[in-house]
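Here's the structure we're looking at; comments come further down.
Computed from a predicted model, the values in this text were never measured in an experiment. Numbering of ligands and ligand atoms starts at 1, following listing order. Keep in mind that the numbers below use all heavy atoms, side chains included, and drop hydrogens, waters and symmetry copies.
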Amino acid sequence: MNDHVQQNLKIIQARIHEYEIKYQRVPGSVALLAVSKNQSLEKIQQAIIAGQKSFGENYLQEAIPKIQFFAKENLQWHFIGLIQRNKTRKIAEYFSWAHTVTEKIIAQRLNDQRPQNLPALNICIQVNISQDPAKGGIKLNEVLPLVEFCVSLPRVRLRGLMVLPTQNSLSNEQATVFSALKILYEDLNRKGFFLDTLSMGMSDDLETAIAEGSTLVRIGTGIFGSR
Ligand SMILES: *Cc1c(COP(=O)(O)O)cnc(C)c1O
């Protein structure tokens, strides 16, 4: 497989820009999160040299040594894996973002365990639009109560919503899921919640996600090659 990380990064950035134009999105409004799970320190280093600052990780045991190794680089680490209740402290200590909040108890713990010397932890609520049992996330009708709870917590900052569509689903099915998340997001903003992040889109559904309003795409294999 291709391990020209810097070249891949340029290609992904160019595609993001192309789709912003194609779908009348504001240029620069779609952020790129480099998903480095199962990838080596060398590959992450290449991405850093190419200017990449934000990285996503799914597993704490793997992520923490990487975060410590690159501590001087001023990076932003996003936790995008399943959050186990007994793992919230390390997430609160090591990460800038957590994309996969699904329960009040988890939001409460992240809030309580966020170190005082750090800014509030940015969080997204993961929504399971298609109610796929293989994916995490809460049902549509459970979102508003969790949003209301999260905004009451001072040490987390609710930034938006995240979705993980069913693997290998058709592009029109992905579009339906993304557009449902966008509608929910706009509805919450009309209610006054000031969300600015729609975390949706990966290597295979990048274009559809940007067409449907993503503000943050999470790209792993498209940058680093296969895992
Ligand atoms: C692994 C992963 C990604 C990246 O997937 P690619 O298909 O490699 O781009 C994005 N989001 C989440 C939540 C992931 O677990």
Side-chain angles (χ1 to χ4, degrees), residues 1-16 19 30-40 43-44 46-47 50 52-64 66-67 75-84 87 91 94-103 106 110 121-138 159-171 173-175 177-178 181 197-227:
M1 259 310 274
N2 189 345
D3 50 8
H4 301 289
V5 171
Q6 307 195 24
Q7 207 176 316
N8 291 344
L9 255 176
K10 282 211 180 87
I11 292 168
I12 294 284
Q13 285 160 350
R15 284 181 58 201
I16 291 173
Y19 302 145
V30 181
L32 172 57
L33 181 67
V35 175
S36 48
K37 65 162 177 256
N38 297 326
Q39 305 288 358
S40 64
K43 285 194 176 181
I44 298 173
Q46 289 179 35
Q52 182 66 28
K53 290 281 182 197
S54 18
F55 293 87
E57 287 280 341
N58 295 56
Y59 311 105
L60 273 179
Q61 240 182 314
E62 181 194 339
I64 289 170
K66 290 177 176 171
I67 296 172
L75 306 176
Q76 278 199 337
W77 292 89
H78 295 226
F79 190 80
I80 61 172
L82 178 76
I83 304 179
Q84 290 170 301
K87 299 284 173 60
I91 295 172
Y94 283 92
F95 287 81
S96 304
W97 286 69
H99 288 230
T100 46
V101 173
T102 54
E103 287 185 289
I106 286 172
L110 291 171
L121 179 71
N122 298 293
I123 62 171
C124 293
I125 292 173
Q126 185 178 355
V127 187
N128 195 338
I129 298 281
S130 52
Q131 303 204 15
D132 174 356
K135 300 288 177 216
I138 58 174
R159 299 293 296 268
L161 306 174
M162 180 269 204
V163 74
L164 198 52
T166 302
Q167 230 154 14
N168 303 321
S169 53
L170 299 171
S171 143
E173 292 166 357
Q174 290 163 353
V177 165
F178 292 149
L181 197 71
T197 302
L198 262 179
S199 169
M200 56 189 202
M202 318 200 298
S203 298
D204 290 336
D205 51 23
L206 172 64
E207 177 168 2
T208 311
I210 293 174
E212 299 298 335
S214 171
T215 71
L216 185 156
V217 291
R218 309 178 308 263
I219 308 296
T221 51
I223 295 171
F224 297 108
S226 60
R227 290 185 284 269

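- Of all protein heavy atoms, the one lying nearest to atom 2 (C) of ligand 1 is Lys37 NZ, 2.5 Å.
- Checking Ile44, Leu33, Leu32 one by one against Gln52, the side-chain contact (heavy atoms from CB on, under 4.5 Å) holds for a single residue, Leu32.
- By the criterion of a heavy-atom distance under 4.0 Å, neither the backbone nor the side chain of Lys135 is placed next to ligand 1.
- Heavy atoms of Asp204 come nearer than 4.0 angstrom to ligand 1 in no pair at all.
- Among the atoms of Val35, none of the N or O lies under 3.5 angstrom from an N or O of ligand 1.
- In this structure, the side chain of Thr208 does not engage the main chain of Ala175 through any donor-acceptor pair within 3.5 Å.
- Heavy-atom proximity to atom 12 (C) of ligand 1, evaluated over Ile80, Leu82, Leu33, is greatest for Ile80.
- At the top of the distance list for atom 11 (N) of ligand 1, counting protein heavy atoms only, stands Arg218 NE, 2.8 Å.
- The single protein non-hydrogen atom nearest to atom 6 (P) of ligand 1 is Ser203 OG, 3.5 Å, given as residue, atom name and distance.
- In this structure, Lys10 places its NZ atom where only 12 or fewer heavy-atom neighbours from other residues, nucleotides or ligands lie under 6.0 Å away.
- Within 6.0 Å of the CG atom in Asn58, the count of heavy atoms belonging to other residues, nucleotides or ligands exceeds 12.
- In Thr221, the parts holding a heavy atom less than 4.0 Å from any atom of ligand 1 are both the side chain and the backbone.
- If you check which protein heavy atom lies closest to atom 10 (C) of ligand 1, you get Met202 SD, 3.1 Å.
- Outside the 6.0 Å centre-distance limit, the rings of Phe95 and Trp77 are not counted as a close aromatic pair.
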